[in-house]
Every structure is written in C-alpha cells, then in structure tokens.
Amino acid sequence: MLQVNYIRENREKVLERLSVRRFKQVELVDEIIQLDDERRQTQTSLDNLSAIANAAAKQIGELMRNGKKEEADSIKAETTANKDKIKQLSEQLSAAELKLQHLLVQLPNLPHELVKTGNTAEENEIIYVHGEPAQIHEGALPHWELTAKYDIIDFELGTKITGAGFPVYKGKGARLQRALINFFLDHATAQGYREVQVPHLVNEASCFGTGQLPDKEGQMYHSTVDNLYLIPTAEVPVTNLYRDVILKEEELPVKNCAYTPCFRREAGSYGAHVRGLNRLHQFDKVELVQIAHPEQSYQVLEGMSVYVQSLLKELGLHYRVLRLCGGDMGFPSAMTYDMEVWSAAQQRWLEVSSVSNFETYQSNRLKLRFKGTSGKTQLAHTLNGSALALPRIVASIIENYQTPEGIRIPQALVKYTGFDLID
RNA sequence: GGAGAGUUGGCAGAGUGGUCGAUUGCGGCAGUCUUGAAAACUGUUGAGUGUAAUAGCUCCGGGGGUUCGAAUCCCUCACUCUCCGCCA
C-alpha cells in the first residue's frame, strides 16, 4: 500500500510510474487525494472540538472536587451540546478512513526506474542467459511420462486421494524431493539466512499484511470454519513474523528462509501448459525473505538474484533471468526478476523463481519499521524470492538428465539423494 | 469440548470514574565518578497524527455503549493462561 502523504506530494510522479504498469485507473489517484483532503479537514474539526470537550471535562472535575456543583452543572450543559457534533464528526472520520483504505489497496506499487513499460510476458527483458539447452537423446520423454515410467510421481493416485494437481511422490521421487529441500536449506543457511518453520495456515491479518487480501482472495484455499487460509507461499507467514515490529537499524538486513508446502487454487488454469508438474495446487518451496534498509534494498535484491542463480548453476541447469515489465509484475512489487529453466523435452522455459523488492508496499501495511540512529522510525523494505520452487526444478532435472539408462542425478545433489541414477 | 482467570509502555507489574499516556522495578540511552570497566548516583526513554516550531488530537487486546469525563463501569468479539476431558 502506498503512503497517502507520498501520493499527495508526488501526484505527477505517481501517475507517471503507474503508467509503466499500464495501470488504467488514473482518476483513482485524484479521488484518493481529494478524499484525503476531506478526511484531514474532518480530523482537524474533530480535534478542535475534542480539545474543548477535554478542557471542559477537566474543569468540571476540578469544580466537583472543590464542591462547586452549580458551576460544574452549567459547564456540563454547555459541553453536552457539543456531544452530538463530536459523534457525528467521528463517524464521518471513520467512514472517510475506511473509504480511503479501500481506495488505497487498489493502487499497485510504483515500479522502479529500471522497470520497462509493458503489458505482457512478451515484453519482459531478458537480462541474462546461462548455459546451453541440454542435449537429450532420441525418443526423450516429457517429465509426466518419465515419472510414470520410473514410478516416482503418481498423478492418478493424487487425484484419487484429493484431486488434480496433488501428486503423490514415491520412492526415489520422494527422496529426490526431500534431497532438494535439504540442498536448498543448507545453501541458504550457509548464506546467512536463519531457517524458520512457520504455520501453514494463516489468519486474515497476515494475508492483508503481505497483500494477498483483498487482492487474491480467490487464489487461496480458505478454511471458513476457522477463517484461516492455507499459505500460497511461505512469504506470508515469514514476512508477517515482523508485523507491528520496530527493528533496530543495526539489525538490518534480517534474513530468514523457510521450507513450506504452498497451496494455490489456480482457478481458471487448464491446458497443456499445466500438465504434470508444471502447475500444481500443492507444491513445495524454499523461500527467502529479507527485511532491508531502504538504501540497501536494491543491492539486497541483486544479491538474492545472484544467489538463486548459483543454485541453478550447481544443478547444471540452462536458465535465463528476466526483469519483468511493469504490467507483468505482481501488484505489490517494485521490481521483480524471474528465473526460468529450460525444459528440454517440453522445449519451453519454466519459471522456477521470482525475486522481488516490495520497497515499503508491504511494510506500510505490516507496520514494519526500523529505528535509525537519529531516533527516527521509518518503514523498512521487504524482499523475497523462491530458492527454489520444487516441481519445475524436478521436471527440468528429470527431463534434462534423462538418458536411455535412466535419469541421472546432478552431481551436487548426490550426497543428498544417496543415489545417482533413477532407473 | 466443560469450568474459571486474565489481556496495560521492550519486559515485569501498579492503577476499579476526574490533574493517568499512565506509579514503580528491570532493561535501553546519556552523563557524573573511574586509567578503563563494573557498581553507585543523576537525567532520559512508547507509537501515531499534526505544526515552521509549539500546541492540540488519538492509542491501556478489537469493536460498540453509559458519562460532562473511561485504563477503570456495561455489552460484544478475539486471543492468552489455569484446571478437567480427549489426544500426536
């Protein structure tokens, strides 16, 4: 959520930055400014009346103590007349605040200067490509056939237990999954991230804090009896650890990582692109979350990007890095890098990580601040990135490393799997 | 699931209608003393809004009510703890 004062003072800049997203509702900005003006006027009137009422109440208290009941009664009569006005103004004020909040959450974050104007995925900038497409043999199979052939992931069984998009991992498939999780967690820990284990269900306040609500209501599984949501990403619980927190400046950057399953309804997705592991309702992911000083957050973003790439290199995968254009970025993000790995058998790029700087968009909602040496408290910057999302990594490993003899395991993973071939 | 107790500043913990944004202790910060540190002593120490700076205003779990006036009384919701039951 953008800060109202910033919008008031930088109207032109806000409009200009929003245009990078091709954000259409420009009049929303003016509506916000106008509503805020009204809100401030109401606030001022209310404050002035309250000041009078407070003074009167204090005076009455004093008179009563001194036994001057009659004088007190006459002031009482006076101040009673103001009560209705105060009540009316305070109702007006909370209505304006509610409306303002409602409008503010409709504004996405302002893209960083480097983010290119654009609407769709085709307009994303390719900023780096690593490696070459894996050479796979004649008759190579897509992963959904390989997983059946070697009996390592069972989609039908998952459908029986739950439904489409909830696969069952079996034998070496399950162990590969577990190996990757440990591989990712060990590497993150070595990079100075603290590992945390967090709840997989979160409340409304947490969803609001990171921006899933009210925006992405329909994308989350909702347990209505208890009003809890299954996490769509560890970002939600991990970032919310710091909701309503004031950090010390010297504590920054705060680095946490977590492994969790992620649950997404993916309503409306269908077709060949969602086959096999490409898009699931439940999947595993190791997530990085950092809280950074505003002056350092873009260095932190670059660092996270470099780190994610180092994982892909170790796994020997051909990948590319995109800087998303304005229109393709998520609502709360100011800059996002997507990492995509090449899937040799499907002949397409698969997104395996998304690394974003949210600047103060989340921290403003979270009331996540830090106190500087000057004693001033200000909003911190939040960032997160997948490192990494498992299913597509698994898909590309088994497709790219398939041989007529079986699926080889990338060297770096062998000490985690305990085997080097799936056959 | 049943019964009871509670929710106050970084923490502990007073405060049951009026100079209470809140006694006190611990912690933090600054100073005195010291070669330095500790101890002791002194001062200071919540967040937000607002202003040129003051002032003013808001916040004692959330929401609502009573009252001239609410941390304090009433209603309601949420959460926490204790005991019992059940249980990995």
Side-chain angles (χ1 to χ4, degrees), chain A residues 1-9 32-33 35-102 104 197-209 213-214 222-229 237 240-252 254 261 291 360 362-380:
Chain A
M1 194 163 71
L2 299 177
Q3 292 167 271
V4 200
N5 283 343
Y6 182 85
I7 299 174
R8 298 171 62 84
E9 286 157 25
I32 285 170
I33 293 172
L35 185 60
D36 189 51
D37 280 338
E38 289 168 26
R39 198 209 92 230
R40 290 158 70 100
Q41 274 176 33
T42 310
Q43 177 86 64
T44 307
S45 317
L46 178 61
D47 284 359
N48 292 339
L49 280 182
S50 303
I52 294 168
N54 288 346
K58 198 171 264 187
Q59 210 179 338
I60 291 169
E62 217 160 307
L63 291 170
M64 294 294 271
R65 242 190 329 278
N66 297 329
K68 297 179 182 167
K69 190 164 183 313
E70 278 160 37
E71 275 182 61
D73 281 343
S74 82
I75 298 174
K76 238 189 242 192
E78 254 174 71
T79 183
T80 306
N82 262 336
K83 280 185 81 179
D84 284 347
K85 186 69 183 161
I86 286 177
K87 187 168 183 190
Q88 186 216 322
L89 279 174
S90 80
E91 274 166 11
Q92 202 176 318
L93 182 67
S94 27
E97 280 168 349
L98 200 70
K99 178 105 185 287
L100 189 61
Q101 171 89 348
H102 176 74
L104 277 171
Q197 288 196 16
V198 290
H200 299 166
L201 284 142
V202 290
N203 58 28
E204 256 180 6
S206 295
C207 294
F208 177 81
L213 289 180
H222 184 198
S223 169
T224 50
V225 202
D226 298 299
N227 197 23
L228 296 172
Y229 294 83
N240 272 280
L241 296 175
Y242 297 90
R243 172 152 45 91
D244 293 318
V245 166
I246 300 178
L247 295 159
K248 292 192 188 112
E249 188 168 5
E250 60 267 27
E251 292 178 281
L252 301 175
V254 172
I291 299 161
T360 59
Q362 291 182 330
S363 59
N364 188 32
R365 293 175 162 219
L366 293 159
K367 301 271 171 289
L368 164 50
R369 294 160 291 176
F370 69 94
K371 189 178 257 183
T373 39
S374 58
K376 209 180 120 206
T377 48
Q378 57 174 311
L379 294 172

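A note on names: the letters A, B, ... follow the listed sequences, proteins ahead of strands, and every chain is numbered from 1.
- Between the side chain of A:S363 and the main chain of A:L379, no donor-acceptor pair closer than 3.5 Å is present.
- Backbone-only contact: A:R369 has heavy atoms under 4.0 Å from sugar-phosphate atoms and none from a base.
- Take the nearest nucleotide of RNA chain B for A:L46 and for A:T377: the residue whose nucleotide is more 5' is A:T377.
- Straight-line distance between the C1' atoms of B:C73 and B:C60: roughly 16 Å, to the nearest whole Å.
- Between A:D47 and A:I60, the residue whose closest nucleotide on RNA chain B is further toward the 5' end is A:D47.
- Using a 3.5 Å distance cut-off with no hydrogens or angles, the side chains of A:Q41 and A:D37 do not pair a donor with an acceptor.
- Spacing of P atoms, B:A14 relative to B:G85, comes out at 31 Å, to the nearest Å.
- As judged by a 4.0 angstrom heavy-atom cut-off over every strand, A:A56 is placed among residues making no nucleic acid contact.
- A:H222 is not listed as a side-chain neighbour of A:L228, based on a closest heavy-atom distance of 4.5 Å or more.
- The separation of B:G63 from B:G15, taken at their P atoms, amounts to 25 Å, rounded to a whole angstrom.
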task = Verify side chain to side chain contact (heavy atoms under 4.5 Å, CB included) between A:M1 and A:Q101, making sure each step is shown before the conclusion.
result = CA-CA 9 Å; A:M1 194 163 71; A:Q101 171 89 348; 3.8 Å; yes

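- In this structure, A:K248 reaches neither bases nor backbone, as no heavy-atom distance under 4.0 Å exists between it and the strands shown.
- Under the Watson-Crick or G-U wobble criterion, with both distances below 3.5 Å, B:C29 is paired with B:G43.
- The same atom, C1', is picked in B:C41 and in B:G9; the two are 25 Å apart, to the nearest Å.
- On the nucleic acid side, RNA chain B contacts chain A at distances under 4.0 Å to non-hydrogen atoms, with the end points of that region at B:G18 to B:G69.
- Shown here, B:C73 forms a base pair with B:G65; the pair counts as Watson-Crick or G-U wobble because both key distances fall under 3.5 Å.
- Here A:D73 lies out of heavy-atom contact (under 4.0 Å) with every strand.
- As rounded to the nearest Å, B:G6 and B:C74 have P atoms that lie 12 Å from one another.
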query = Should A:R369 and A:V245 be marked as a side chain to side chain contact (heavy atoms under 4.5 Å, CB included) after you check the CA-CA gap, both sets of side-chain angles, and the distance that decides it?
reply = CA-CA 6 Å; A:R369 294 160 291 176; A:V245 166; over 6 Å; no

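- Across all strands, A:T44 comes closer than 4.0 Å to no nucleic acid atom at all (heavy-atom distances).
- The environment of A:E251 atom CD is dense: over 12 non-hydrogen atoms of other residues, nucleotides or ligands sit within 6.0 angstrom.
- Searching all strands for a Watson-Crick or G-U wobble partner of B:A53 with both distances below 3.5 Å returns nothing.
- Partner assigned to B:C83 is B:G2, using Watson-Crick or G-U wobble distances below 3.5 angstrom.
- If you check the side chains of A:D47 and A:S50, you find no donor sitting under 3.5 Å from an acceptor.
- For the P atoms, the distance from B:G65 to B:U58 is 16 Å, rounded to whole Å.
- Annotation: B:U16 and B:U72 have their P atoms spaced 12 Å apart (nearest Å).
- Remark: B:U7 base-pairs with B:A78. Criterion, Watson-Crick or G-U wobble with two distances under 3.5 Å.
- Taking atom C1' in both B:U54 and B:A37, the straight-line distance is 42 Å, to the nearest Å.
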What side-chain donor-acceptor pairs closer than 3.5 Å can you find for residues 89-99 of chain A, not counting sequence neighbours?
{"residue": "A:S90", "atom": "OG", "partner": "A:K87", "partner atom": "O", "Å": "3.2"}
{"residue": "A:S94", "atom": "OG", "partner": "A:S90", "partner atom": "O", "Å": "2.9"}
{"residue": "A:S94", "atom": "OG", "partner": "A:E91", "partner atom": "O", "Å": "3.4"}

